[in-house]
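Atoms within a ligand are numbered from 1 in the order they appear, just like the ligands themselves. Everything quoted here is computed from the prediction, not taken from an experiment.
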Amino acid sequence: MVFGIFTNMKLSTKLIHAGIEPDPTTGAIMTPIYQTSTYVQSAPGQHKGYEYARSQNPTRQVLESAMAHIENGKYGLCFGSGVAATDAVLRLLNPGDEVIAANDMYGGTYRLFTKVFERAGIKFHFVNMQDTANVKPYINTRTKLIWAETPTNPLMNIVDIAALADLARAHKVLLCVDNTFASPYLQNPLDMGADIVLHSATKYLGGHSDVIHGCLVMNDTALRDQLYFIQKSCGAVPGPQDCFLVLRGLKTLHVRMDRHCSNGEKIAHFLRSHPKVGKVYWCGFQDHPGYAVAKKQMRGFGGMMSFTLKDDSLDTAIRLLSSTKVFALAESLGGVESLINHPASMTHASIPREERIKNGLSDSLIRLSVGIEDVDDLIDDLRQAIG
Ligand SMILES: *Cc1c(COP(=O)(O)O)cnc(C)c1O
């Protein structure tokens, strides 16, 4: 539960201090890694609030509190990965319940929904959420959850969180927003009425491509209690060392994000002006269909973008993907180093081809996670690779 003087401070201060108390025994300014599975009791049932580390771990609790502060929520819960956090939310549902999800989202989320939870009797409707009006026809008495991601991965579509939250509230449906792409530095979905915000902390929060981690933040106490019950009963908890790495990553999120945004903007404009580049998907362009909503709900446009080449062949795209020298060809995003990725064969390979093409994700689409290197070197690298 969030408490203390940091609740009313600015995000940059919260990122460094919120939730973090000097270690009570030594004064250590950095949160210790409590590498323990259990805690000694003085008599049966008499303990210091810690019984077993799947249920309580002090390093994890500090991170959970920090995450709650940073997303302007009351409670945080951390998991062993982003998909484990997604899994926990879906476990709130019962067979027969229905979920409305975006038709353009992280491939692993789609796989979890269609290959694991559909088998458990949950029904999913995948809809284009760029227009909130498309969602309403799918709401019925069995609808329990709306699942949104914005900006979307990899097409950088924008969903209006406040409009979706109004719709969800009117029908007593939970709204969960995957805020991985924007990070809490650029967007805070709970402030716009979402019930749960999800992060793959593997990405911008950790920020250094050295940890797999996920978290949820929420305001409602009953919802927190249900999700805490799932966290400890299903056991997808992160280790304390991983929590430490995410805590360390958080402290520089604001300075990293500023650079991701400014490098991203320059690269988006470079790509758009390149004669061999086809379409550039970046939500900071004024003619992007979601620009007005992005301006309203985000404080910057981030470092993620996708593009196609005018020569829209798979071979040309593969040649480009194999010839960058600074951009590393790899899945994932949000780290200090720039990455280049081929969604159709890498991050989104688990989505059937017809489904992908129908939603605008072509075979030749290339996705960039723009890092925080010198932008001139990044542009030179793309220029030589495009050829
Ligand atoms: C990576 C990612 C996830 C899954 O997170 P993991 O930490 O890899 O399990 C979920 N949503 C988005 C948008 C992602 O990019």
Side-chain angles (χ1 to χ4, degrees), residues 60 63 67 71 76-91 99 101-117 126 129 145-159 161 176-187 189 194 196-217 231 234-239 242-243 245-246 249-250 257 260 281 283 298 302-306 330-335 339-343 346-351 359 361 365 367-371:
R60 188 173 92 216
L63 176 57
M67 278 310 306
E71 273 294 10
L77 288 170
C78 291
F79 294 85
S81 67
V83 294
T86 306
D87 176 81
V89 175
L90 271 288
R91 284 174 192 272
V99 177
N103 65 352
D104 170 27
M105 62 178 184
Y106 177 65
T109 307
Y110 180 85
R111 179 175 58 200
L112 180 66
F113 288 3
T114 55
K115 296 278 161 56
V116 178
F117 282 99
F126 295 98
M129 289 190 179
L145 175 67
I146 298 176
W147 189 276
E149 197 182 300
T150 182
T152 65
N153 179 2
L155 290 171
M156 306 303 297
N157 290 319
I158 300 294
V159 174
I161 299 172
C176 180
V177 177
D178 181 338
N179 202 27
T180 301
F181 262 40
S183 91
Y185 185 62
L186 300 182
Q187 177 172 281
I196 305 171
V197 51
L198 175 137
H199 283 282
S200 166
T202 312
K203 316 295 170 49
Y204 285 109
L205 300 180
H208 295 75
S209 308
D210 52 11
V211 64
I212 297 282
H213 191 105
C215 62
L216 302 174
V217 182
Q231 183 199 40
C234 301
V237 291
D242 289 351
C243 294
L245 286 172
V246 176
L250 288 181
M257 287 312 293
H260 285 296
Y281 299 84
C283 57
M298 300 175 75
M304 295 302 299
M305 67 195 65
S306 298
E331 297 196 8
S332 199
L333 61 108
L339 300 180
I340 190 165
N341 163 55
H342 183 227
M346 297 167 72
T347 44
H348 292 67
S350 52
I351 302 177
N359 299 332
L361 201 171
L365 189 81
R367 190 188 80 182
L368 300 180
S369 169
V370 175

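- Rounded to the nearest 0.5 Å, atoms OG (Ser209) and CG (Leu339) are 6.0 Å apart.
- Ligand-side atoms of ligand 1 in range of His213: 7 (O), range being under 4.0 angstrom from any heavy atom.
- If you check which protein heavy atom lies closest to atom 11 (N) of ligand 1, you get Asp178 OD2, 2.6 Å.
- Protein heavy atom in closest approach to atom 4 (C) of ligand 1: Tyr106 CE2, 3.4 Å.
- In terms of protein heavy atoms, atom 5 (O) of ligand 1 is closest to Ser200 OG, 3.0 Å.
- Atom OH in Tyr204 sits 13.0 Å away from atom OH in Tyr185 (nearest 0.5 Å).
- A donor-acceptor pair is defined here as one N or O able to donate and one able to accept, closer than 3.5 Å; such a pair exists between the side chain of Ser369 and the backbone of Gly334.
- The distance from ligand 1 to the heavy atoms of Glu149 drops below 4.0 Å at these ligand atoms: 13 (C).
- Under a 4.0 Å criterion applied to the non-hydrogen atoms of Leu333, ligand 1 contributes the atoms 15 (O).
- Scanning the protein heavy atoms around atom 15 (O) of ligand 1, the nearest turns out to be Lys203 NZ, 2.8 Å.
- Counting only distance, with no hydrogens or angles, the side chain of Thr150 and the backbone of Val159 share a donor-acceptor pair below 3.5 Å.
- A side-chain donor from one of Gln187 and Asn179 sits under 3.5 Å from a side-chain acceptor of the other.
- Distances from ligand 1 to the non-hydrogen atoms of Met105 include no value under 4.0 Å.
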